[in-house]
Amino acid sequence: MAHSSESIWPWFHRLYWNTALFGGLALALPQLWLGQWGAQVLAVAYGLATLVAFPLARRYPKAALVAHLAAALGMCVWASQQPWAALALGWNREMTLYASATVATLGLTVLAMFGGLWVMVVAVMLLATLLPHPESGLYWVVWPLWVLGGLVGLSVFKAVHKLEATQQELSKVALRDRQTGLSNRLALEADYERYQALASRSDQPLLFSYWLLGVSKERPQLLQELAKVMQDALRQGDGLYRVGDDQFCGLHIGLVSGHELTERLSRRFPQAQVVWVVCNGLTLEEALNHVQELLYRSPRQPIRHLASVPKA
């Protein structure tokens, strides 16, 4: 089972939805009673879009967010085409258009941040086409601002992806044993709780295997051969870890028998020892302590004599 570091994007998604729910709805709901008819339509449309998109964000986090933001920009375009008095008393058409352009700039920044380059380009072209232009003023200045806002969002988009890639690469290096290519003790600690949760949800036994091989660390070719044999014998989804010079362990969910793996290793490493423990509900330290008690209770013997392989 692969181990991975936590992604940065979920934090940005939570920030967006917290802002959309608490900030956006806090501004929209009072308009239902206090606003003009145009503001009331916007409030209802925004509320409906949020109520539809937010539940979908659990299953489609990026698509739901981008769709919600695109809907909000569409409402901005619609608002800019309405009579000025339909939105707020005391506003004229110029103020409405400049306010729409300001909101569009912010929306483009966030849209580029989550959607990337082509989403930003399409949004800029649509806004430049659909938003009406005021008859006076330097309205053309907002076009470079839209592009600048989009580029800022795109820079964040690329920076986060690059940061995640670097984080994943560092995580792989930190959680990988250089000699064998297997996961190490840090990876075992990171994966153990996930295996426990998966075994609990599926109501299956979780077996913890501990292998003491008696192979000198000065013979790395044997360690690499061992890692290859164990990897070939394990099932997909099993975890395999090097936790010492010649000490390895594995995590196995729903394993029926460990005899096949035990026998294959005993033929290549007859001096090795192995202990199997059912570790459902045990912490990692408790499982390791139990293994040590079983392993050193008897003098060192070949694997076929000492191994206690449970059947589930």
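We're numbering straight along the sequence, starting at 1.
Residues in residues 65-74 take part in these side chain to side chain donor-acceptor pair (under 3.5 Å) pairs, two or more places apart or across chains: Tyr16-His68, Thr50-His68.
Here the side chains of Leu207 and Ile253 are not in contact, with every heavy-atom distance at 4.5 Å or above. Using a 4.5 Å cut-off on side-chain heavy atoms (C-beta onward), Leu282 and Tyr192 make contact. By the 4.5 Å heavy-atom criterion applied to side chains, Val277 and Tyr210 are not counted as neighbours. Leu42 has its side chain within reach of Trp78: a pair of non-hydrogen atoms, C-beta onward, lies under 4.5 Å apart. Two residues are said to be in side-chain contact when any heavy atoms from C-beta on lie closer than 4.5 Å; Val160 and Phe12 meet this criterion. Side-chain atoms of Leu25 and Tyr46, non-hydrogen and from C-beta on, do get closer than 4.5 Å to each other. The shortest side-chain heavy-atom distance between Tyr195 and His252 does not fall under the 4.5 Å cut-off. Counting heavy atoms from C-beta outward, Trp276 and Val291 have side chains that stay 4.5 Å or more apart.
Thr19 and Trp17 share no donor-acceptor pair across their side chains, judged by distance under 3.5 Å alone. Judged purely by distance below 3.5 Å, without hydrogens or angles, the side chains of Gln204 and Ser202 pair a donor atom with an acceptor atom.
We find the CG-CG distance between Asn289 and Leu284 to be 9.5 Å, quoted to the nearest 0.5 Å. Once rounded to the nearest 0.5 Å, the distance linking CZ of Phe157 with CZ of Phe114 reads 10.5 Å. For the atom pair Arg194 CZ and Leu251 CG, the distance stands at 11.0 Å (nearest 0.5 Å). In this structure, CG in Leu288 is found 11.5 Å from CD in Glu293, a value given to the nearest 0.5 Å. Atom-to-atom distance recorded for Asn184:CG and Tyr241:OH is 10.0 Å, nearest 0.5 angstrom.
Tracing side-chain contacts under 4.5 Å through hydrophobic residues (I, L, V, M, F, W, Y), one never reaches Tyr60 starting from Val110; they form parts of separate clusters.
When every heavy atom of Asn280 is checked against every heavy atom of Gln196, the shortest pair comes out as CA-OE1, 3.8 Å. The two residues Gln31 and Ala43 have their closest heavy-atom pair at CB-CB, 4.1 Å. Between Leu154 and Gly116 the shortest heavy-atom distance is CD1-C, 3.7 Å. Leu73 and Gly107 make their closest contact through CD2-CA, 3.9 Å (heavy atoms, listed as atom of the first residue, atom of the second, distance). Shortest non-hydrogen contact noted between Met120 and Leu151 is SD-N, 3.7 Å. Annotation for Cys249 and Leu188: closest pair SG-CD2, 3.5 Å, computed over non-hydrogen atoms.
In terms of modelled atom types and a separation under 3.5 Å, the side chain of Glu286 and the main chain of Thr283 share a donor-acceptor contact. Using a distance-only test at 3.5 Å, with no hydrogens or angles considered, a donor-acceptor pair links the side chain of Ser209 to the main chain of Gly250.
In this view, Glu189 and Arg185 satisfy the salt bridge (charged side-chain N to carboxylate O under 4.0 Å, His left out) rule, not counting sequence neighbours.
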For this session: Show your working on side chain to side chain contact (heavy atoms under 4.5 Å, CB included) between Ile8 and Leu163 and close with a plain yes or no.
Result: CA-CA 9 Å; Ile8 302 171; Leu163 180 61; 3.3 Å; yes

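Ring geometry for His161 versus Trp9: interplanar angle of 30 to 60°, hence tilted.
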